[in-house]
Amino acid sequence: AQKVTQAQTEISVVEKEDVTLDCVYETRDTTYYLFWYKQPPSGELVFLIRRNSFDEQNEISGRYSWNFQKSTSSFNFTITASQVVDSAVYFCALSEGNTDKLIFGTGTRLQVFP
Amino acid sequence: AAGVIQSPRHLIKEKRETATLKCYPIPRHDTVYWYQQGPGQDPQFLISFYEKMQSDKGSIPDRFSAQQFSDYHSELNMSSLELGDSALYFCASSLTSAAYNEQFFGPGTRLTVL
């Protein structure tokens, strides 16, 4: 069965620190897609990144970077030089090749203090 | 750019009442998804529609029904409301029904059942 685990319930850092949010997934499909979404205090869900199971290349977008490792079924998210505006709940999600519904992890609440 | 529109943004109902939530997808998006996010929880998939047909179904109570109309907007109808139905209800849309497509989420409808 498919499952997404975000073991870190809450992380607190001081501005400018680097922080990594962990995501471990389970699936029996060989074709699947992984996503990260951000939910700021205002409540909306903001798409950050999608990665397919055949592309293990890491990605960097500004202060954000993602590390996908199939060997450990992990898709971790790092924020470099964190800012107060990064404070939000971050969800990792999975969709399998035969369905497009998203299976979310329980989320990690990141608090960045000035 | 146009985003997913949900109405109403906030809704307060009494137990056993009915509620209708509306979702207007991004133009040219033919697939709509509904998710329910309870307080402090991750979003849970309810149901999805592709080209006005139900494409997938998740943990949606029998008291709930949904449909997608010819203009691709969707409505989630909820009857015999219970206290446990209080949640943030998200609608998302995607360009087509495929696991690799990112889902763009609306701002959500916050339903409170008293």
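What's counted below: heavy atoms across the whole structure, side chains too, no hydrogens, waters or symmetry copies. Chain naming here is simple, since letters A, B, ... match the order of the sequence lines and numbering starts at 1 in each.
Under the 3.5 Å distance criterion, with hydrogens and angles disregarded, no donor-acceptor pair is assigned to the side chains of Gln44(B) and Ser59(B).
Lys70(A) has no carboxylate O lying under 4.0 Å from a charged side-chain N of Glu56(A), or vice versa, which leaves the two without a salt bridge. Of the charged side-chain nitrogens involved, at least one lies within less than 4.0 Å of a carboxylate oxygen, so that Asp86(A) and Arg63(A) count as a salt-bridged pair.
Contacts of Thr31(B) with chain A are made by side-chain atoms alone, with heavy-atom separations under 4.5 Å and no backbone atom involved. Neither the backbone nor the side chain of Tyr32(A) has a heavy atom closer than 4.5 Å to any heavy atom of chain B. Of the atoms belonging to Tyr50(B), not a single heavy atom falls under 4.5 Å from chain A. For Phe104(A), the parts sitting under 4.5 Å from any heavy atom of chain B are the backbone and the side chain alike.
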Could you walk me through whether Asp85(B) and Arg63(B) pass salt bridge (charged side-chain N to carboxylate O under 4.0 Å, His left out), step by step?
-> CA-CA 11 Å; Asp85(B) 296 329; Arg63(B) 299 177 290 107; 2.9 Å; yes
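Of all the listed residues (Arg109(A), Gln6(A), Gln39(A)), the one sharing the greatest number of non-hydrogen pairs under 4.5 Å with chain B is Gln39(A). Contact tally against chain B (heavy-atom pairs below 4.5 Å) for Gly107(A), Ala93(A), Gly105(A): the top residue is Gly105(A). Of the residues considered (Gly40(B), Ser48(B), Pro43(B)), Pro43(B) shows the highest number of contacts with chain A, using heavy-atom pairs under 4.5 Å. Of the listed residues (Gln41(B), Gln37(B), Gln103(B)), the greatest number of heavy-atom pairs within a distance under 4.5 Å of chain A belongs to Gln103(B).
One hydrophobic cluster holds both Ile47(B) and Leu21(B) under the rule that ILVMFWY side chains link at heavy-atom gaps under 4.5 Å.
Other residues, nucleotides and ligands place no more than 12 heavy atoms under 6.0 Å from the CG atom of Asp62(B).
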